[in-house]
Amino acid sequence: MSITRTEQELRRREERAALEEAGIEAYPHSWEVTARSATILETFDDEQHQPDEETGEARYRVSIAGRMMSRRIMGKASFFHLQDSEGQIQVYVRRDDLPEGFYNTVFKRLLDIGDIVGVEGYVFRTRMGEISVHAERLVLLAKALRPLPVVKEQDGQVYNEVTDKEFRYRQRYVDLVVNPKVRETFRQRAKLISGIRSFLDERGYLEVETPALQPIYGGAAARPFTTHHNALDMPLFLRIADELYLKRLVVGGFDGVYEIAKDFRNEGLSRFHNPEFTMMELYVAYREYGWMMDLVEEMVEHVATLLHGKPEVQYGEHTISFKRPWKRVPIFEAIRKRTGHDLYGLPREDLARIGKDLGLEIDSSMGSGKIIDEIFGEFVEPNLIQPTFITDYPVELSPLAKRHRSTPGLVERFEAIVGGKEICNAFSELNDPDDQRSRFEAQDRLHAAGDDEAMAIDEDYLRALEYGMPPTAGLGVGIDRLTMLMTNSASIRDVILFPLLRPEKTESEESTSDESVGDS
RNA sequence: GAUCCCGUAGCUCAGCUGGCAGAGCAUCUGACUUUUAAUCAGAGGGUCCCAGGUUCGAGCCCUGGCGGGAUCACCA
């Protein structure tokens with residue numbers, strides 16, 4: 001099996017060999033970093049850091065490391081930009097400052113854009129005004145054997161920007177190197193998650209971990225991934241939600257528990273759906289959904305401010321304000337305002353007729369809850385740009401939510417809709433074990449009727465409820481969707497480092513699959 | 001799963017009505033000791049996604065496939 005290499009790859013392998021022949025390690029073990037690019041640029045002071053007038057000694061010495069991103073060779077002196085975790089800084093290299101022969105044979109011939117190097121030297125400002133590091137020592141720290149796409153920039157104009165989405169998602173490491181915005185997005189994501197975590201920790205809620213491998217999946221309407229445990233010879237499901245386990249913990253006496261974890265749903269891919277995604281779920285004892293709305297407002301306003309310095313973000317053409325309070329609209333009222341139809345209490349036949357009148361395709365398998373959800377999703381949700389709580393859903397859509405305290409047929413549930421998309425789902429949790437059993441049974445009938453997203457009966461969960469669960473408010477926040485909003489990202493793939501893609505065909509796979517054609 | 005769009009050098013992209021595969025950057029050779037999309041002179045680099053078909057001739061037209069994107073469906 002021969003690997004075909006490009007001319008530039010071959011070239012770099014020859015350079016590596018030449019380096020090693022010259023006694024220069026292509027992959028040394030470490031480098032002492034004393035400073036990073038952005039910090040140097042911030043802290044350099046023209047007056048304070050002039051060389052000592054008497055001794056000529058430099059005042060601001062640094063040892064930096066990073067990737068060589070560009071190079072301008074001008075005979076016996078050169079400039080290059082070094083990129084580290086903070087950004088980029090220019091390095092100035094002179095032949096006569098480096099060991100005999102190093103500049104001409106190593107720097108100019110054997111190093112390339114993309115190589116990782118260490119530089120020791122002093123900080124100064126060039127004639128053109130750019131704060132730079134004057135190299136007195138230059139060391140190769142890791143040789144790049146593949147050419148790095150060279151992206152150039154001037155006055156905010158980016159040239160040869162790497163835009164190919166497939167390339168960017170498959171080789172995210174390259175995307176991260178060459179697209180600063182991508183690094184920033186994932187820093188924002190980390191900040192958002194840590195912001196939520198500390199917000200919840202400060203309020204005394206306990207962060208826990210519950211099984212990702214579950215014998216019975218539940219807590220959401222979704223198709224699961226299935227797998228198998230060999231030693232126990234049993235089927236297992238990857239969790240679609242943490243909900244039922246977290247509520248078991250509330251039964252166990254934890255008053256507030258939360259988990260930030262991956263859920264897995266065996267469904268289609270889209271710019272809003274990745275098969276594994278991150279969810280934050282929170283359950284607080286003795287509280288109900290109105291209280292939870294207050295908490296969500298406060299938490300999201302808090303993280304928006306944490307990320308942007310103010311509770312406002314730009315999302316596409318919209319400026320979204322997360323400033324409290326958000327609008328709160330019961331779902332039937334929201335539908336009535338948009339469509340003119342009051343759907344509350346209508347029998348299924350009437351709902352189906354109205355749905356059809358509105359131009360929706362309604363088939364016989366859809367229950368009344370489903371039809372209401374369709375009408376809402378089609379006519380209301382996309383128009384809710386500013387944060388809005390939609391409340392009081394029909395009971396048949398929400399098998400785990402507690403019945404509404406005053407309106408029959410509804411549950412105490414809300415979703416927060418922002419930018420036309422749901423960012424969270426919450427309710428007063430159903431804690432009546434008998435009601436829960438009958439809701440599970442209704443789900444089970446749906447399942448038997450062919451709805452493969454309906455929940456199964458979880459006997460152990462019912463047993464837990466029978467021991468008594470306090471009144472509880474529960475919340476689920478889609479971290480990926482929230483990150484999309486906070487980072488102005490159009491696709492979930494832009495906020496997930498390694499989104500699922502079809503497997504890439506390598507040369508060896510192609511040839512083996514060719515061979516296996518004869519076998520099968 | 002359906003529809004539409006895309007796939008050309010390491011990267012970004014041209015490629016006319018079907019007529020010798022191109023540019024910039026990157027790479028290589030040479031010049032240049034404060035440049036900055038460095039500059040100047042020269043050179044090399046291609047499975048035009050894959051497989052068929054039409055044609056004297058296919059990057060271009062046709063069929064099928066693969067991969068990606070967008071929209072829809074599905075779905076929180």
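Letters A, B, ... are given to chains in the order of the sequence lines, protein chains preceding strands, and every chain is numbered from 1.
- Exactly one residue among Y461(A), Y245(A), F225(A), F237(A) makes a ring pair (Phe, Tyr, Trp, His ring centres under 6.0 Å) with Y217(A). That residue is F237(A).
- Between M484(A) atom CE and Y315(A) atom OH the span is 4.0 Å, to the nearest 0.5 Å.
- Judged purely by atom type and a 3.5 angstrom limit, T391(A) has no side-chain atom pairing as donor or acceptor with the backbone of F414(A).
- Listed for the T105(A) side chain is no donor-acceptor partner under 3.5 Å among the backbone atoms of Y103(A).
- In this structure, F440(A) CZ and D458(A) CG are separated by 5.5 Å, a value rounded to the nearest 0.5 Å.
- Between C40(B) and U36(B), the two P atoms lie 11 Å apart (nearest whole Å).
- The partner of U34(B) is absent, by the rule that a Watson-Crick or G-U pair needs both atom distances under 3.5 Å.
- G1(B) and C72(B) make up a base pair, with Watson-Crick or G-U wobble contacts both under 3.5 Å.
- With rounding to the nearest 0.5 Å, the separation of CZ in F79(A) from CE in M128(A) is 10.0 Å.
- Across all strands shown, G57(B) forms no Watson-Crick or G-U wobble pair with both distances under 3.5 Å.
- Nucleic acid contact for E153(A): sugar-phosphate only, since backbone atoms but no base atoms lie under 4.0 Å from a heavy atom of the residue.
- Nucleotide G44(B) forms a pair with no other nucleotide shown, judged by Watson-Crick or G-U wobble geometry with both contacts under 3.5 Å.
- Phosphate contact (OP1/OP2 of G68(B), side-chain N/O of R502(A), threshold under 4.0 Å): present.
- Between L482(A) atom CG and K421(A) atom NZ the span is 14.5 Å, to the nearest 0.5 Å.
- In this structure, R170(A) fails the cation-pi test against F498(A), since its NZ or CZ atom is not both closer than 6.0 Å to the six-membered ring centre and inside 45 degrees of the ring normal.
- Taking the nucleotide of RNA chain B with the nearest heavy atom to each of F376(A) and R125(A), the more 5' of the two is matched to R125(A).
- For D164(A) and G68(B), a side-chain-to-base donor-acceptor distance below 3.5 Å is absent, hydrogens and geometry of angles not being considered.
- One atom, CD of E9(A), and another, P of G46(B), lie 13 Å apart when rounded to the nearest Å.
- Across the P atoms, A41(B) and G7(B) are found 33 Å apart, a figure rounded to whole Å.
- By the 4.5 Å heavy-atom criterion applied to side chains, R168(A) and V182(A) are counted as neighbours.
- Distance from the side chain of R11(A) is smallest for C28(B) among the nucleotides C28(B), U34(B), A37(B).
- Put simply, CG on N179(A) is 10 Å from P on U12(B), counting in whole angstrom units.
- Between U34(B), C28(B), U36(B), one nucleotide has an atom nearer to the side chain of Q154(A) than all others, and that is U36(B).
- Looking at heavy-atom distances under 4.0 Å, R13(A) makes no contact with the nucleic acid at all.
- For E378(A), the side-chain atoms get nearest to A73(B) when compared with the rest of A73(B), A37(B), C74(B).
- In the region residues 483-497 of chain A, proximity to RNA chain B at under 4.0 angstrom, judged on heavy atoms, holds for R493(A).
- Across all strands shown, C20(B) forms no Watson-Crick or G-U wobble pair with both key distances under 3.5 Å.
- Judged by closest nucleotide on RNA chain B, E130(A) is the one of E130(A) and N425(A) placed further toward the 5' end.
- For I113(A), the side-chain atoms get nearest to U27(B) when compared with the rest of G69(B), U27(B), C32(B).
- When heavy atoms are screened at a 4.0 angstrom cut-off, H81(A) is found touching base atoms of the nucleic acid.
- Side-chain atoms of T163(A) lie closest to U12(B) of the nucleotides U12(B), U34(B), G69(B).
- Going from the P atom of C11(B) to that of C49(B) covers 13 Å, rounded to whole Å.
- Using N1 to N3 plus N6-O4 or O6-N4 for Watson-Crick, or N1-O2 and O6-N3 for G-U wobble, each under 3.5 Å, U63(B) pairs with A51(B).
- On the P atoms, G42(B) is 23 Å away from A37(B), given to the nearest whole Å.
- Within 4.0 Å (heavy atoms only), L148(A) reaches no atom of the nucleic acid at all.
- The distance from atom CG of L145(A) to atom P of U27(B) is 15 Å, rounded to the nearest whole Å.
- Residue K165(A) contributes atom NZ, which lies 16 Å from atom P of C6(B) at whole-angstrom precision.
- Remark: R61(A) fails to qualify as a cation-pi partner of Y122(A) under the 6.0 Å distance and 45° angle criteria applied to the six-membered ring.
- Among the protein residues, E161(A) comes within range of the sugar-phosphate backbone only, with heavy atoms under 4.0 Å from sugar or phosphate atoms but none that close to a base.
- As rounded to the nearest Å, G59(B) and G18(B) have P atoms that lie 13 Å from one another.
- For A37(B), neither phosphate oxygen OP1 nor OP2 lies less than 4.0 angstrom from any side-chain nitrogen or oxygen of R72(A).
- For I131(A) and U35(B), the CD1 to P distance is 16 Å, given to the nearest whole Å.
- Considering only side-chain N and O atoms, K76(A) lies nowhere under 4.0 angstrom from the phosphate OP1 or OP2 of U34(B).
- In this structure, the separation between CZ on F272(A) and CG on D480(A) is 12.5 Å, given to the nearest 0.5 Å.
- For Q8(A), no side-chain nitrogen or oxygen approaches OP1 or OP2 of U27(B) to under 4.0 Å.
- As judged by a 4.0 angstrom heavy-atom cut-off over every strand, D373(A) is placed among the base-contacting residues.
- Against RNA chain B, the stretch residues 259-274 of chain A makes heavy-atom approaches under 4.0 Å through R265(A), E267(A), R271(A), H273(A).
- A perpendicular orientation is assigned to the rings of Y289(A) and H404(A), their planes being inclined by more than 60° (bins at 30° and 60°).
- One interatomic measurement links the two molecules: CZ of R71(A) to P of U39(B), which rounds to 15 Å at whole-angstrom precision.
- Taking a pair to require two hydrogen-bonding distances under 3.5 Å in either a Watson-Crick or a G-U wobble arrangement, C25(B) pairs with G10(B).
- Look at the C1' atom in both C72(B) and C62(B): the space between them is 28 Å, to the nearest Å.
- By the side-chain contact (heavy atoms from CB on, under 4.5 Å) test, A144(A) is found to be paired with R12(A), D115(A), residues two or more places apart in sequence or in another chain being considered.
- Residues Q214(A) and I216(A) are not in side-chain contact: their nearest non-hydrogen atoms beyond the backbone lie 4.5 Å or more apart.
- In this structure, K152(A) reaches the A26(B) phosphate: one of its side-chain N or O atoms is under 4.0 Å from OP1 or OP2.
- When the nucleotides C13(B), C11(B), G67(B) are ranked by their closest atom to the side chain of E166(A), G67(B) comes out on top.
- Using P as the reference atom, A31(B) and G45(B) are 24 Å apart when rounded to the nearest Å.
- Between T6(A) and U27(B), a side-chain N or O to OP1/OP2 separation shorter than 4.0 Å is absent.
- Per the geometry, CD belonging to Q157(A) stands 18 Å off P belonging to U36(B), to the nearest Å.
- Across all strands shown, E15(A) has heavy atoms under 4.0 Å from sugar-phosphate atoms exclusively, and none from any base.
- Here the separation of A73(B) from C66(B), taken at their P atoms, is 24 Å to the nearest Å.
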